[in-house]
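What follows is a set of notes on a single structure, which appears directly below.
Sequence lines set the chain letters: A, B, ... in the order given, protein chains first and strands last, and positions in each chain run from 1.
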Protein chains: 2
Amino acid sequence: MKEKKEDRRISRTRKLMHEALMSLIVEKGYEAITVQDILDRADVGRSTFYAHYRDKDELLLSSFEHLRTLFEQQQQAIVASRGSGREPEVNFVLELFRHTGQHHKLYQAIAGKQSGEMILKYLHKYLYNLLIVPHAELVRNRNSPPVPIEITTHVLVSSLLSLMTWWLDNHMPHPPEKMDEIFRILVTPTIEAAFGRKVMKSEYERLVSEHPKGSIMAFYSHYIDGGCCP
Amino acid sequence: MKEKKEDRRISRTRKLMHEALMSLIVEKGYEAITVQDILDRADVGRSTFYAHYRDKDELLLSSFEHLRTLFEQQQQAIVASRGSGREPEVNFVLELFRHTGQHHKLYQAIAGKQSGEMILKYLHKYLYNLLIVPHAELVRNRNSPPVPIEITTHVLVSSLLSLMTWWLDNHMPHPPEKMDEIFRILVTPTIEAAFGRKVMKSEYERLVSEHPKGSIMAFYSHYIDGGCCP
DNA sequence: GTTTTTATGAACACAGTGTTCGATATCGAA
DNA sequence: TTCGATATCGAACACTGTGTTCATAAAAAC
């Protein structure tokens, strides 16, 4: 299970730099941070930093990757635990809000007011690729929907991220369950109108959790091509 | 009507710098631009730049202000021309898409993929303040709506901007009228669900165009306080 | 204990920022 | 046209941050 390969010094150094970056983002905002700031805060040598990351963007990105891995593992654990039973659906948005609540300091740094736009674009692309496959499924073998699914998905993801950042930037005044409910109130009628058909909650959840691998691959293809940040 | 006060040299220099900035944004993206780039492109002395603007943010902001003024004047002209008749409502979103189409090069630089996040935050705040007053009006003397109007407005503005940037970044494949229709399909059911009541299109438009002054004042108060960009 | 890997810190060239100031060119108005 | 006002110029300046190099020291792996 555990990867023993990694040198302790490497983990230690990276951990120090990540923690430094996170605390600095909360303090002064991502854009204003210099590599020098990170060096001072983490107390590591200049050359050490560049031995690990090309720039501060890459450092932040690897924090995001860590968070994404955590979330996906948690999702798979939930699916696995319920898989044998009769309720394979997972409330994706609720789980996302819960995960955000659990790691709100990290999310605040990554998706909050103080974060950079770079990482929000990645998040958008990630969620877009996660949802575009199920959405295509929803309108398969039907007349063309009132709104093209690319547009619907694009706007839907923006709404979710907008709600998420609002929640984080306003000190999370409501529990994840309430935020999930708000999202449903705002978005469910939109989905029906945009796809031109009724969509059962369970059907939607099933589609989203059925195709995670494919969507994640799609995400990675963009990620690797560097299609996200030109 | 015309302001004769301004020295020709000032207008000329500012125009040169604005054009330089716009073309550079389209070419390499806002974040990557340096003051030096602007100086070279506009063929203007270094000290001249700083005599006009504190930094490149302020230069971009003044482009945005120009665009906003144009839009508001156009809005007022439309209201005035129809004012005496029986149809005082103005389709705010449609006009916004039309204006964007007319000045798409400027909007592309300011709100497109290549622009900075700074200006998008301003745009968000501007539209938020433009809509929050009519939204408060819609739920006045009623039970508290299913979703707080702050959240609804926040998400609604994000959706509009998301749609707008999608349109610009995908080379405007549809006419403004179609984009307006798409926005209505996506957002009208959301508005009704979030406010907990039917909202007539004409009522909504009337409210938005009735309170422009107050909303703009609200916007300015934030703008002047610097509440937008810390 | 030896070998391999990693961290260090100082030095370096480089690019960009924002300011200053005297000289010059251009403007608007009389 | 002239003249006072003012905008631009350009070169110099100190400053901050970047990204690389390299010899040395420390720590891990074997």
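- Between the side chain of Thr190(A) and the main chain of Val187(B), no donor-acceptor pair closer than 3.5 Å is present.
- The Thr48(A) side chain lies nearest to dT8(C) when the options are dT5(C), dT8(C), dG19(D).
- Contact annotation: side chain of Arg9(B) to base of dT26(C), donor-acceptor pair present below 3.5 Å.
- Taking the side chain of Gln36(A) as heavy atoms from C-beta on, and the options dT18(D), dA7(C), dT6(D), the nearest nucleotide is dT18(D).
- The distance from atom CG of Leu39(A) to atom C1' of dG17(D) is 11 Å, rounded to the nearest whole Å.
- Aromatic ring centroids of Tyr107(A) and His99(A) lie under 6.0 Å apart.
- Proximity of Tyr50(B) to the phosphate of dT19(C): no side-chain N or O atom is located under 4.0 Å from OP1 or OP2.
- Nucleotide dG19(D) holds its C1' atom 17 Å from the OH atom of Tyr53(A), rounded to whole Å.
- Between His52(B) and the phosphate of dA7(D), there is no side-chain N or O to OP1/OP2 separation shorter than 4.0 Å.
- Rounded to an integer number of Å, the gap from CG of Asp57(A) to C1' of dT18(D) is 14 Å.
- Nearest approach of Leu60(B) to Met118(B), heavy atoms of both residues: CD2-CE, 3.8 Å.
- In terms of position on DNA chain D, the residue among Asp55(A) and Ala51(B) whose nearest nucleotide sits closer to the 5' end is Ala51(B).
- Between the base of dG18(C) and the side chain of Arg46(B) there is a donor-acceptor pair shorter than 3.5 Å.
- One can place CD1 of Ile10(B) at 8 Å from C1' of dT6(D), the figure rounded to the nearest angstrom.
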Inset, instruction - Check step by step if side chain to side chain contact (heavy atoms under 4.5 Å, CB included) holds for Leu61(A) and Tyr53(A). - result: CA-CA 10 Å; Leu61(A) 207 58; Tyr53(A) 306 102; over 6 Å; no
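- Closest to the side chain of Val44(A), out of dC9(D), dT8(C), dT18(D), is dT8(C).
- Following rounding to the nearest Å, Phe49(B) (CZ) and dG10(D) (P) show an atom-to-atom distance of 17 Å.
- Glu58(B) places its CD atom 15 Å from the C1' atom of dT17(C), with the value rounded to the nearest Å.
- Atom P of nucleotide dG18(C) and atom CZ of Arg54(B) are separated by 10 Å, given to the nearest angstrom.
- In terms of phosphate contacts, Ser47(B) brings no side-chain nitrogen or oxygen within less than 4.0 Å of OP1 or OP2 of dT20(C).
- In this entry the distance linking CD1 of Ile38(A) with P of dG17(D) reads 12 Å, nearest Å.
- Ring geometry, His124(A) versus His154(A): the interplanar angle falls from 30° to 60°, so the pair is classed tilted.
- A sub-4.0 Å separation between OP1 or OP2 of dG28(C) and a side-chain N or O of Arg8(B) is present.
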